[in-house]
Amino acid sequence: MRICSFLPSGTEILFALGLGESVCGVTFECDYPAEARSRPVVVYSNLAHGLPENEIDRQVKDSSGRGQSLYRLDAEKLRELRPDVIVTQDLCHVCAASPDDLVAVLSTLRPTPTVLALTPHTINDVWTDIQTVGEACGRPHEARALIAELNRQVAGLNRELTEAPRVLCLEWLDPPYAGGHWVPEMVKLAGGIDVLGHAGEPGYELDWNSIVSSDPDIILAMPCGYHRHEVQNELATIAFPPPWHSLRAVRQGNVFAMDASSHFSRPGPRIADGVVEMTRLFTRFKPRSRKSVNTLRQPRRSA
């Protein structure tokens with residue numbers, strides 16, 4: 001079987017199910033496991049590399065308003081690879097290529113591949129998508145075993161908290177967006193209270209009055225598509241407005257750079273690692289008095 005993955009989480013799922021040898025095409029963002037980087041790239045971004053977050057947001061809104069895709073497919077490479085299965089998604093047309101991007105190319109592919117469009121909104125949906133991929137690609141038993149292991153990983157966490165921290169998850173920093181879909185569930189599983197995110201619903205743009213009113217104990221910076229070192233750079237370089245600096249979490253040094261791409265923004269097996277990382281962070285949290293602390297701390301990487 002020859003499989004092309006149009007999204008990084010799909011690539012991670014395929015490799016986790018032991019289908020790495022069958023993966024013949026990936027996206028420009030597929031970087032895990034490391035072996036995925038050696039596969040031919042069939043999906044590229046139409047956005048220039050290295051843009052600041054506010055400019056990315058502007059261009060995304062502009063492209064959406066014009067009905068233009070943020071991605072381009074290498075149709076010639078796809079025809080050359082002749083995939084039997086294409087794994088894509090229909091959840092967020094900003095985050096990864098969608099079935100709409102495939103329509104014009106699909107009719108030119110021979111044989112016509114099976115298209116798996118994943119649309120997870122919750123953690124259970126992510127596990128269901130793992131099973132869907134397993135069933136479609138001949139790994140149903142491996143999929144069930146992987147889901148069972150992920151459930152055991154989350155169920156076995158130590159959540160002995162003196163106080164449930166109030167948590168603000170930001171899936172974009174400039175402008176700020178609340179984390180959505182499975183992220184609020186992750187916060188709850190880790191023992192926290194998500195102050196602005198809504199489980200199973202998309203993230204959304206926030207106004208600063210809402211952020212200030214939410215008064216989070218902890219802020220988790222997890223801009224979609226960024227690894228931890230990139231998030232650290234964003235926190236250090238973005239010119240945040242005065243309301244940001246007035247937040248208790250900022251003053252007390254409880255802003256944490258998270259590895260969004262590895263553990264939060266990609267709906268794949270490693271979101272279980274994200275719950276583990278959150279749990280360790282929350283169990284170390286100690287309620288503190290209102291005093292100014294200007295440094296940004298970072299959690300240790302999860303094992």
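Note that the structure is predicted; figures quoted are calculated from it, not measured. Positions are given from 1, in the same order as the sequence printed here.
Between the CE atom of M278 and the CG atom of L157 there is a distance of 12.0 Å, given to the nearest 0.5 Å. Interatomic distance, OG1 of T132 versus CH2 of W127, reported as 13.5 Å (0.5 Å rounding). One distance of note links CG of L170 with CD of E234; it measures 12.5 Å at 0.5 Å rounding. Residue Q131 holds its CD atom at 11.0 Å from CD1 of I13, rounded to the nearest 0.5 Å. For the atom pair CZ of R228 and CG of N233, the computed distance is 14.5 Å after rounding to the nearest 0.5 Å. Expressed to the nearest 0.5 Å, how far CG of D84 lies from CG of L109 amounts to 11.0 Å.
Of all non-hydrogen atoms in R37 and C30, the two that sit nearest each other are CG-O, 3.9 Å. Annotation for E171 and G179: closest pair OE1-CA, 3.5 Å, computed over non-hydrogen atoms. Counting all heavy atoms, side chain and backbone alike, P184 lies closest to H181 at CD-O, 3.4 Å. A257 and Q232 get closest at one heavy-atom pair: CB-CG, 3.6 Å. The two residues V231 and A221 have their closest heavy-atom pair at CG1-O, 3.4 Å. Of all heavy-atom pairs between L70 and V60, the closest is CD1-CG2, 3.9 Å.
Side-chain contact between R66 and K61 is absent, with no heavy atoms from C-beta onward closer than 4.5 Å. For the pair T27 and V42, the minimum side-chain heavy-atom distance is 4.5 Å or more. Under the 4.5 Å side-chain criterion, counting only non-hydrogen atoms from C-beta, V187 is in contact with C169. At least one side-chain heavy atom of V212 sits less than 4.5 Å from a side-chain heavy atom of L247. Looking at V133 and L17, their side chains come closer than 4.5 Å, going by heavy atoms from C-beta outward. A 4.5 Å side-chain heavy-atom check between I130 and L150 finds at least one atom pair inside the cut-off. Using a 4.5 Å heavy-atom cutoff, the side chains of L206 and L168 are in contact. Counting heavy atoms from C-beta outward, I218 and F285 have side chains that approach closer than 4.5 Å.
Classification of E277 and R280 as a salt-bridged pair fails, no side-chain N sitting under 4.0 Å from a carboxylate O. Salt bridge absent: D62 and R58 never bring a charged side-chain N and a carboxylate O closer than 4.0 Å. D215 and R166 are not joined by a salt bridge, as no carboxylate oxygen comes within less than 4.0 angstrom of a charged side-chain nitrogen.
A donor-acceptor pair under 3.5 Å is absent between the side-chain atoms of D129 and the main chain of L118, judged by distance alone. Without hydrogens or angle criteria, S38 side chain to E35 main chain gives a donor-acceptor distance under 3.5 Å. Formation of a donor-acceptor pair under 3.5 Å by the S261 side chain with backbone atoms of G225 is found in this model. Distance alone, capped at 3.5 Å, is enough to place a donor-acceptor pair between the R110 side chain and the S107 backbone. In this structure, the side chain of E53 engages the main chain of L173 through a donor-acceptor pair within 3.5 Å. Under the 3.5 Å distance criterion, the side-chain polar atoms of R139 are left unmatched by any main-chain donor or acceptor of L19. Side-chain atoms of S22 come within 3.5 Å of backbone atoms of M1 as a donor-acceptor pair (strictly under, hydrogens ignored). Without hydrogens or angle criteria, S213 side chain to N209 main chain gives a donor-acceptor distance under 3.5 Å.
F6 is connected to L81 through a chain of hydrophobic side-chain contacts under 4.5 Å among Ile, Leu, Val, Met, Phe, Trp and Tyr, so both are in one cluster. At a threshold of 4.5 Å between side-chain heavy atoms, the hydrophobic network of Ile, Leu, Val, Met, Phe, Trp and Tyr places M258 and F282 in one connected group. Hydrophobic cluster membership differs between V43 and Y32, with clusters built from Ile, Leu, Val, Met, Phe, Trp and Tyr side chains linked at under 4.5 angstrom.
Of the N and O atoms on the side chains of H121 and E201, not one donor lies less than 3.5 Å from an acceptor on the other residue. When only modelled atom types and interatomic distance are considered, D31 and H227 share a side-chain donor-acceptor pair under 3.5 Å. Under the 3.5 Å distance criterion, with hydrogens and angles disregarded, a donor-acceptor pair is assigned to the side chains of D273 and Q153. Using a 3.5 Å distance cut-off with no hydrogens or angles, the side chains of W182 and D125 do not pair a donor with an acceptor.
Centroid-to-centroid, the aromatic rings of Y226 and W172 come within less than 6.0 Å.
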Below 3.5 Å, can you tabulate the donor-acceptor pairs from side chains in residues 140-148 to any protein atom, sequence neighbours excluded?
residue, atom, partner, partner atom, Å
H141, ND1, R144, NH2, 2.8

Tell me which donor-acceptor pairs under 3.5 Å the side chains of residues 188-200 have, and how far apart each pair is, sequence neighbours excluded?
residue, atom, partner, partner atom, Å
D194, OD1, L196, N, 3.2
D194, OD1, G197, N, 2.6

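The local environment of OH in Y177 is crowded, with over 12 non-hydrogen atoms from other residues, nucleotides or ligands closer than 6.0 Å.
Residues forming a side chain to side chain donor-acceptor pair (under 3.5 Å) with R79 (at least two apart in sequence, or on another chain): E76, T108. In this structure E21 satisfies the side chain to side chain donor-acceptor pair (under 3.5 Å) test with no other residue, sequence neighbours excluded. Scanning for side chain to side chain donor-acceptor pair (under 3.5 Å) contacts around D207 gives S210, with sequence neighbours left out.
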Stepwise side-chain contact (heavy atoms from CB on, under 4.5 Å) check, V87 with C4: CA-CA 6 Å; V87 180; C4 281; over 6 Å; no
Worked check of side-chain contact (heavy atoms from CB on, under 4.5 Å) between H263 and V276: CA-CA 10 Å; H263 300 143; V276 172; over 6 Å; no
Show the numbers, then the answer: is there a side-chain contact (heavy atoms from CB on, under 4.5 Å) between W244 and V255? CA-CA 11 Å; W244 167 265; V255 179; 4.1 Å; yes
Can you check side-chain contact (heavy atoms from CB on, under 4.5 Å) on D217 and V167, steps first, answer last? CA-CA 6 Å; D217 298 310; V167 183; over 6 Å; no
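For the side-chain hydrogen bond (donor to acceptor under 3.5 Å, both in side chains) condition, the pairs that include at least one residue of residues 3-17, sequence neighbours left out, are S5-T11, E12-R266, E12-R270.
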